[in-house]
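Just so we're clear, the structure is a prediction, and the values are computed from it rather than from any experiment. Atom set for the values below is all heavy atoms of this structure, side chains included, hydrogens, waters and symmetry mates excluded.
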Amino acid sequence: FLPTPRRHHDVHLFRHSSGRMTVHQDGRDVAARPGDVYILDPRRPFTIGIASKTQAIVFKIPRSELQARLGEIGSYTATLLPRTEPLTALASEFMAMLELRADAIEASIGAKVAQQALDLVALAFESGVGGAAQLSSTRTTKLLRLKSIIEGRLHDPELKPADVSAIAGISVRYANALLAHEGTSLERYITFRRLVRCQQALMSTTNLSRTVGDIAFSFGFSDLSHFTRRYKAQFGCSPREDRSKLVTPPG
């Protein structure tokens, strides 16, 4: 997706309810599961992959309100709140409760409740994600280069973590340390990006003439049954089920 016009002043706060969704923004990736909380900035480029039967609550938050609490929004986009943090659970549960109770809250106190909810969410992001957001510029540059190298070589079925780290000029251990801030590893990230690219291709009408196997093989998978299992584990449905959602154009 392209960013929305500059006049768009809201930031989108997601609370994932069911199914699976992937979000990519600012060089980071989210593979959301029920209860996960994350931020997306609609002003900047992003991609979303949505599996079947997926639901999420989306709160539109005034950009100025979130910036006043967290500073630069780009430090927090496409980053999950850590599941092990008590504040994460509290923020997630509070957001779910708001969805159920919002209509019953009197307008006179609704603004106060909204401010308290925003304070709680911002505190959870500052506490749980702040460390990842504070990566030094050198580490950030290395991480972006690492991801760029992976993205350009996803078609290679022989691509290994050691190959990527060697091209990036860092050790596998250091590469894993960089990606650990996003809750993943070099090997898992390679597989994740392959799956995301496959899903994007499968859901594009420009690829209707291509088979599922052709698409899978073009992004580095060498075993179709293995690809299908990984795809279903990631997105909650099979590649063919995703493909069936497309309507074949007439003629």
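- Contact detail for Cys237 and Asp242: the closest heavy-atom pair is SG-OD1, 3.3 Å.
- At a threshold of 4.5 Å between side-chain heavy atoms, the hydrophobic network of Ile, Leu, Val, Met, Phe, Trp and Tyr places Ile50 and Val58 in one connected group.
- The line from OG1 of Thr77 to CZ of Arg28 is 4.0 Å long, rounded to the nearest 0.5 Å.
- Minimum heavy-atom separation, Arg194 to Gly220: NE-CA, 3.8 Å.
- Residues Gln199 and Thr22 have side chains in contact (heavy-atom distance under 4.5 Å, counting atoms from C-beta outward).
- The shortest distance between side-chain heavy atoms of Val196 and Asp29 does not fall below 4.5 Å.
- Here the straight-line distance linking atom CG of Asn176 with atom CZ of Arg188 works out to 8.5 Å at 0.5 Å rounding.
- Judged purely by atom type and a 3.5 angstrom limit, Arg20 has no side-chain atom pairing as donor or acceptor with the backbone of Ala31.
- Sparse packing is recorded around CZ of Arg230, with 12 or fewer heavy atoms of other residues, nucleotides or ligands lying under 6.0 Å away.
- In this structure, Glu85 places its CD atom where more than 12 heavy-atom neighbours from other residues, nucleotides or ligands lie under 6.0 Å away.
- No donor-acceptor pair closer than 3.5 Å links the side chain of Ser148 to the backbone N or O of Arg145.
- Distance check, rounded to the nearest 0.5 Å: CD1 of Ile73 to CZ of Phe125 gives 9.5 Å.
- Below 30°, between 30° and 60°, or above 60°: for His226 and Phe221 the angle between ring planes is between 30° and 60°, a tilted geometry.
- When hydrophobic clusters are built by joining Ile, Leu, Val, Met, Phe, Trp and Tyr residues whose side-chain heavy atoms come closer than 4.5 Å, directly or via intermediates, Leu123 is grouped together with Met97.
- Taking a 6.0 Å sphere around CD of Glu187, one finds it holds 12 or fewer heavy atoms contributed by other residues, nucleotides or ligands.
- Ion pair Glu151/Arg197 flagged as a salt bridge, since at least one NZ, NE, NH1 or NH2 atom sits closer than 4.0 Å to an Asp/Glu carboxylate oxygen.
- Contact check for Val212 versus Phe227: side-chain heavy atoms found under the 4.5 Å cut-off.
- Judged by distance alone, with hydrogens and angles left aside, the side-chain atoms of Ser204 form no donor-acceptor pair with the main-chain N or O of Gln200 at under 3.5 Å.
- Summarising the geometry of Arg15 relative to Val37, their closest heavy-atom pair is CG-CG2, 4.0 Å, with the distance given to 0.1 Å.
- Within 6.0 Å of CZ in Arg210 there are more than 12 heavy atoms belonging to other residues, nucleotides or ligands.
- Counting heavy atoms from C-beta outward, Asp36 and Phe14 have side chains that stay 4.5 Å or more apart.
- Taking the side chain as every heavy atom from C-beta outward, Leu186 and Leu146 approach each other to under 4.5 Å.
- For the atom pair NE2 of His16 and OG1 of Thr54, the computed distance is 5.0 Å after rounding to the nearest 0.5 Å.
- Taking both residues in full, the closest heavy atoms of Arg243 and Leu208 are given as NH1-O, 3.9 Å, listed atom of the first, atom of the second, then distance.
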- Report the C-alpha distance between Leu13 and Leu118 in whole Å, list the side-chain angles of each, state the deciding distance to 0.1 Å, and finish with yes or no for side chain to side chain contact (heavy atoms under 4.5 Å, CB included). CA-CA 10 Å; Leu13 174 67; Leu118 191 49; 5.7 Å; no

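- Between Asp156 and Asp163, the closest side-chain pair of non-hydrogen atoms is not below 4.5 Å.
- Screening Asp10, Ile61, Val121 against Leu66 for a side-chain contact (heavy atoms from CB on, under 4.5 Å) leaves a single residue, Ile61.
- Between Pro62 and Lys60, the shortest heavy-atom distance links the atoms CD-O, 4.0 Å.
- In this structure, His24 NE2 and Phe46 CZ are separated by 12.0 Å, a value rounded to the nearest 0.5 Å.
- Linking Ile, Leu, Val, Met, Phe, Trp and Tyr whenever their side-chain heavy atoms come within less than 4.5 Å leaves Leu195 and Met203 in two separate clusters.
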- Item | Stepwise side chain to side chain contact (heavy atoms under 4.5 Å, CB included) test for Leu202 and Asn207 | CA-CA 7 Å; Leu202 285 167; Asn207 291 311; over 6 Å; no

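- No side-chain heavy atom of Ile39 sits less than 4.5 Å from a side-chain heavy atom of Thr79.
- When side chains are defined from C-beta on, Tyr189 does not count as touching Leu178, because their heavy atoms never get closer than 4.5 Å.
- Proximity of a side-chain donor or acceptor of Ser244 to a complementary backbone N or O of Glu241 within less than 3.5 Å is detected.
- If you check the side chains of Gln25 and Asp41, you find no donor sitting under 3.5 Å from an acceptor.
- Once rounded to the nearest 0.5 Å, the distance linking CG of Leu90 with CE of Met95 reads 12.0 Å.
- Of all non-hydrogen atoms in Ser165 and Ala175, the two that sit nearest each other are CB-CB, 4.5 Å.
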